[in-house]
Amino acid sequence: MKETYEFKDIEKKWQDKWKKDDAFKTVEDPDKKKYYVLEMFPYPSGKLHMGHVRNYSIGDVIARFKKMDGYNVLHPMGFDSFGLPAENAAIKNGIAPAIWTWSNIHEMEEQLTELGLSYDWDREVCTCHEDTYKWMQWIFIQFYKKGLAYKKENPVNWCPSCETVLANEQVVDGCCERCGSQVSKKNLSQWYLKITDYADRLLENIDTKLDGWPNKVKVMQKNWIGKSTGAEIDFKIKDSDVVLTVYTTRCDTLFGTSYMVLAPENPYVEQFVKGTEFEKDAMEYIDHCKHLSEIERTSTSKEKTGVFIGKYAINPLTNAEIPIYISDYVLMDYGTGAVMGVPAHDERDFDFAKKFNLPIIPVVDPEDPEIDVNNLKEVCSAKGKLINSGEFNGMYYEEAQAKIIERLEKEGVGKATTNFRLRDWLISRQRYWGTPIPMINCPDCGWVPEKEENLPVLLPTDIEFTGKGASPIASSKTFIDTVCPCCGKPAKREIDTMDTFLDSSWYFLRYCDPKNKEEVFSKEKADYWMDVDQYIGGVEHAILHLLYARFFTMALHDLGLVDVEEPFKNLLTQGMVNKDGKKMSKSLGNVVSPAEIIEKYGADTARLFILFAAPPERELDWSDKGVEGSYRFLNRVYRLIYDFKDKYGDVVDAPSIKTSADKKLNYMLNTSIKKVRDDVGGRFAFNTAISSIMELVNEMYRYKELPDMDLGLYAKAVKELIIILAPFTPHICEEMWEYMGGTSSVCDESWPDYDEQALVKDEVEIVVQLNGKVKEKISIANNLTKEELEKIALEDENVKKLLDGKNVIKVIAVPNRLVNIVVK
RNA sequence: GCCGGCGUGGCGGAAUUGGCAGACGCGCAGGAUUCAAAAUCCUGUGGCAGCAAUGUCGUGUGGGUUCGACCCCCACCGCCGGCACCA
């Protein structure tokens, strides 16, 4: 070890050694308790950013700590390497997506290595590798066989300028992410996964199985699934055999229905208006809606629009005839695509009724003297008792709901039901750089899956990337034509690829057995490692990725492939890394690249700062001065160790604790060991863990100057300091450990035990308060009883003076803490 | 609009179960060392009044519960995030 902290040499030296020794290789060991720590794998953009550094530093500290604490730790890394940027690069620069992606992966592997992260690289999973996507296709086929995958025609996002389909994520504020054109809708036949089959289970498990998840994420998922309970009610149509069913959550307001609205896409509309005087207006309106962008269609602020279609519906309970309209505020893919309009008690219906001069019938009395129910100026959403509702008058709305459903069911014109906001998952992408959907369309047999022994269906390479046309794979001369796996006749392959969110929905299972050629993963290995004990990633994945991964794990569980039903036991959502209070971005020019920090201060400093500057869940503001502070601290530790060995040589750590200074150092040492264990292993407060190590170092600096310092105790502190700092800054600690005579890696050391006795102070400082205000501090023996405390406090000379002329009403004593004297 | 979170010195943050508010770090000030600087080490550092001892105010605002509140309850203000014509 050199006299000065040469972080570059040190970090290179230990990274090479870890690699040479396979230091982080993990094998299943049924005799050891397992711990699976996982960070969300990155998209290989080519450059690591600070968000990655934060994510992986957190994971690495946990992984290294758990290993030292005796667990068999699985800590893998890989790349979510299918996706659009590779294809855009191909369109722009003519580089093949595979070449672009693999070169980025290799760059990022290097940068991850330079951070000193303890990954078992033998388990790397890249989703764009054929050995991985083969099993993605296999899973898709199992889902298809189980009825979880199906194809249907649906409107999709279409960019008229790029002439291509866009994923929802590529539509930013209603415009194409690439060219900025307004996105419109186009009907295309698409593959879907039936995530809605799992809606109830996904919802229920949130409360029963996700204790280790942040509440915020659980609430977001609940809202996203959006379960609502209500009723379906059948309305007969006048002069027609058709019965239209509406969905409502407020069946108690049925008597207040003054019109019905259908979604413009409702298939009955055309039938109703055909050949009537209403046909022209209705068809024009439907056409108008088709051309509306998603934002225009769903904007709550715009004025209501709609058209009367000439038909009347009959209220099943009142027999009232109500006009039927179409309006774009009713969505075809939620509920039944038909809504009963109750203007008095629904804001949207109120707006619509005002615009079209429809009756506003109050049926729930809010019993508010300030509201005139017979002349509503605005919608009345307050709950109360029913009025104008026949036999249900006087009932509280909740009771009325139950009674109305009862009657509807008895008469066979309605039923209680539930609806979900969650829709089925559209997974087709008219894209090249993704997993090919392994389906074949045969003129005789229809859609059939490719034979499993023929997997993988490889991505073709004879592709022209133009950015135009529906799907790049259509330009391949070798891919499309094939034979039907059922009848052997000529057939055509699906040319769409899968949404990349599928790849990230099971990669954590593949890590358990990444090289398996025979199976997607061995059940035995997956059951040993799963579930993930600690998952770490950005909160931006709170809904989609985390919900999809839960869905996949449940479905794979139901297929008998793995025992667990939920993939992630504990979830930590790390906050963003900002600069000057703003998100780091190229346009603001405030990006700090990890590479420049590693170059200037080294990976250990970068890791230490990022963990110290803020608790992991909170946003972190990058501070150049703060980084220097972390660097200064590591130098301070380095000097402490160097000077110790330089001055005293090899010292046996045989502490003898005599003086109060010895006791204090021993106390600090043991407190730190305990605190770092609690903070890192329990509540992920890396910032306070580090601050307690800093306090220990400060105390050691004081202690070493004392003439009667105990060398054996000091040696023990030095040794244990290196160990507890190692998970945070592994390179410098390896170097110091070796210097101190360690023969193996400090990562293989056991976490030191702390001495309970050392944590007990002989004397404690207690506070004496007068009416809750601190007046005096006295040092007394530890663990005195309330009575003893009270006596000591009241007999204290200063306290006596303070009490002079006052009446003591009450004394509260809390052992080892305080005495509060209440006086008048 | 609905749902969730946050609000503490000049700054990042700490206070784990209702018990000394401001740990640790940054910054700043002073000192030691140095020919000088950098680096390093030491000391101080919430506001106000005071030479000081000390007093007093203080965790977004207003109220409440309690011997005692950053922490619990009620009302409000501000900021951030998610969802949003889902009937």
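Convention: sequence-line order gives letters A, B, ...; per-chain numbering from 1.
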Rounding to an integer number of Å, can you tell me how far [X] [atom1] sits from [N] [atom2]?
X	N	atom1	atom2	answer
Leu611(A)	rC24(B)	CG	P	20 Å
Phe356(A)	rC85(B)	CZ	C1'	14 Å
Leu608(A)	rC26(B)	CG	P	11 Å
Glu695(A)	rG22(B)	CD	P	13 Å
Leu620(A)	rC26(B)	CG	P	16 Å
Asp678(A)	rA14(B)	CG	P	16 Å
Ile225(A)	rC83(B)	CD1	C1'	14 Å
Leu634(A)	rC26(B)	CG	C1'	16 Å

Between [M] and [N] - [atom1] atom distance, rounded Å:
N	M	atom1	value
rC67(B)	rU16(B)	P	22 Å
rU17(B)	rG13(B)	C1'	22 Å
rG22(B)	rG46(B)	C1'	8 Å
rG5(B)	rC51(B)	P	49 Å
rA52(B)	rU33(B)	C1'	32 Å
rC72(B)	rC20(B)	P	16 Å
rG27(B)	rC76(B)	P	43 Å
rA21(B)	rC70(B)	P	8 Å

Output yes when at least one side-chain N/O atom of [X] is less than 4.0 Å from OP1 or OP2 of [N], else no.
X	N	result
Arg632(A)	rG27(B)	yes
Thr688(A)	rG13(B)	no
Arg618(A)	rA14(B)	yes
Arg639(A)	rA39(B)	no
Lys810(A)	rC67(B)	yes
Arg677(A)	rU16(B)	no
Asn698(A)	rG25(B)	yes
Lys773(A)	rC57(B)	yes
Tyr334(A)	rA87(B)	yes

- Ile326(A) and side chain to side chain contact (heavy atoms under 4.5 Å, CB included): which partner among Asn266(A), Thr305(A), Leu262(A)?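 With Ile326(A) as partner, Asn266(A), Thr305(A), Leu262(A) yield a single side chain to side chain contact (heavy atoms under 4.5 Å, CB included), made by Leu262(A).
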
Can you tell me the base-pairing partner of [N]? Count Watson-Crick or G-U wobble geometry only, both distances below 3.5 Å, and say none if there is no partner.
N	answer
rA36(B)	none
rG78(B)	rC6(B)
rU54(B)	rA49(B)

Count the heavy atoms belonging to other residues, nucleotides or ligands that lie under 6.0 Å from [atom1] of [X], then report whether that count exceeds 12.
X	atom1	value
Glu347(A)	CD	no
Arg817(A)	CZ	no
Lys218(A)	NZ	yes

- Message: Is a donor from one side chain sitting under 3.5 angstrom from an acceptor on the other, for Trp213(A) and Asp211(A)?
- Response: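 There is no such pair between these side chains.
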
Quick one: which of [options] gets closest to the side chain of [X]?
X	options	answer
Tyr247(A)	rG68(B), rG25(B), rA87(B)	rA87(B)
Glu765(A)	rC85(B), rC20(B), rC24(B)	rC20(B)
Arg683(A)	rA15(B), rA87(B), rG82(B)	rA15(B)
Lys216(A)	rG19(B), rG81(B), rA87(B)	rG81(B)
Asn215(A)	rG19(B), rG5(B), rA15(B)	rG5(B)
Ile812(A)	rC83(B), rG55(B), rG19(B)	rG19(B)
Asp328(A)	rC85(B), rU16(B), rA87(B)	rC85(B)
Arg636(A)	rA87(B), rA14(B), rC42(B)	rC42(B)
Arg421(A)	rG12(B), rC83(B), rG27(B)	rC83(B)
Tyr701(A)	rC83(B), rG12(B), rC41(B)	rC41(B)

Reckon [X] touches a base, only the sugar-phosphate, or nothing at all at heavy-atom distances under 4.0 Å?
X	result
Thr248(A)	sugar-phosphate
Val811(A)	nothing
Ser228(A)	sugar-phosphate
Arg423(A)	base
Gly335(A)	nothing

- Query: Any Lys/Arg nitrogen of Asp679(A) or Arg683(A) sitting under 4.0 Å from an Asp/Glu carboxylate oxygen of the other?
  - Reply: yes

- Message: Please determine whether side-chain hydrogen bond (donor to acceptor under 3.5 Å, both in side chains) holds for the pair Asn223(A) and Arg421(A), giving the CA-CA distance in whole Å, both sets of side-chain angles, and the decisive distance to 0.1 Å.
- Response: CA-CA 8 Å; Asn223(A) 292 342; Arg421(A) 212 192 71 99; over 6 Å; no

- Query: Has the side chain of Lys625(A) got a donor or acceptor that lies under 3.5 Å from a partner of the other kind on the base of rC11(B)?
  - Reply: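 Absent.
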
- Message: Between the base of rC83(B) and the side chain of Asn223(A), is one N or O donor paired with an acceptor at under 3.5 angstrom?
- Response: no

- Item | N/O donor-acceptor pair under 3.5 Å between Gln221(A) side chain and Ala542(A) backbone |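 Confirmed, Gln221(A) side chain pairs with Ala542(A) backbone.
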
- Query: Any sub-3.5 Å donor-acceptor pair from Asp234(A)'s side-chain atoms to Leu244(A)'s backbone N or O?
  - Reply: no

- Among Tyr601(A), Tyr638(A), Phe633(A), which one satisfies ring-ring contact (aromatic ring centres under 6.0 Å, His included) with Tyr5(A)?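 Testing each of Tyr601(A), Tyr638(A), Phe633(A) against Tyr5(A), the sole residue satisfying ring-ring contact (aromatic ring centres under 6.0 Å, His included) is Tyr638(A).
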
- Judged by nearest nucleotide, the residue sitting upstream toward the 5' end of RNA chain B, Glu619(A) or Lys777(A), is Glu619(A)

- Item | Residue whose nearest RNA chain B nucleotide is more 5′ - Val219(A) or Gly337(A) |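 This one resolves to Val219(A).
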
- Classified by glycosidic angle (syn within 90° of 0, else anti), rG9(B) comes out syn

